[in-house]
Amino acid sequence: MLRQLEERFATYEACRDYLASLRWPAGFVCPGCAGSEAWRMKRGLWLCKACRRQVSVTAGTIFQRTHLPLTVWFRAMWHVPSQKNGVSALGLQRVLGLGSYKTAWAMLQKLRRAMVRPGRERLSGTVEVDDTYWGSPEAGLIGRRTERKALIVVAAEQNGGGIGRIRLRRVPDLTKRSLQTFIAQVIEPGSTVCTDGLQAYKGLVHYKHDRRVQRDQKDGEHLLPRVHRVVSLLKRWLMGTHQGAVGHDHLDYYLDEFTFRFNRRTSASRGKLFWRLAQQAVQVEPAPFHTL
Ligand SMILES: [Zn+2]
């Protein structure tokens, strides 16, 4: 399959045309004037007939001003989502034969930005919600609020006895405002939301609220079994593939990558993962190196 991909996207032109078909499925659209007619020029440029703007298919996407050949990007888009446990920058550098670690790292950061689908739909049905943290656990520090830990809220859909789709987000605190804003943004109104007894979840409107209060500390884990499973997989992934070396400033993008992988964990087709990532890559804003 990798050979098929390498044959199909062996040239810059093949990659460029593929991106153009994803970006402009119904034909060229000028980002300047929304004009729909253009002349094809050399070096992958389109010239808008209406405003005479020169448009590159990669402008305004994660590939904007890239120094790497598109063929290398395509191999990365194939490799990154298809590895079950994800890829570290060092691993990607090796696979693609890149000269610098920094380049591989920046590439991964950009691909992570393409792992959030713009305008994706909300979870529905019965959804468990709970919080966790990321950071070095410090002995003697008790309590959910601390400066050095990043707080993460997790929502996991119930799918029979298993887990459906998930959403993860870093929040500044565990106030009612933070938690209920998250719920409103990721869960469809009318759904059943299962939480623990935290006061901040009280007064949820537009949802059926299933509040599960811990009676016995030892059984606490099983009150929200799906989010707890997701949290343990997340931590294992951060500790394993990335050796725990994930700073708080980049954590959001790792959460996006984890979510992307998890929600497509049963997708049998690697080709579909590649297509999805490429499709989203032309929809998200470019991220200059200094912003990574
Ligand atoms: Zn134009």
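First listed ligand is number 1; within each ligand, the first listed atom is number 1.
A side-chain N or O of Asp173 and one of Ser178 form a donor-acceptor pair less than 3.5 Å apart. For the residue pair Arg113 / Tyr253, a side-chain donor-acceptor distance below 3.5 Å is found, with atom types taken as modelled. Side chains of Arg169 and Gln185: a donor on one and an acceptor on the other come within 3.5 Å.
In this structure, CH2 on Trp73 lies 12.5 Å from SG on Cys15, to the nearest 0.5 angstrom.
At least one side-chain heavy atom of Leu198 sits under 4.5 Å from a side-chain heavy atom of Tyr201.
Protein N/O/S atoms found under 2.8 Å from the Zn ion (ligand 1): Cys30 SG, Cys33 SG, Cys48 SG, Cys51 SG.
The aromatic rings of Phe28 and Trp46 lie parallel to each other, their planes meeting at an angle below 30°, with 60° marking the opposite boundary.
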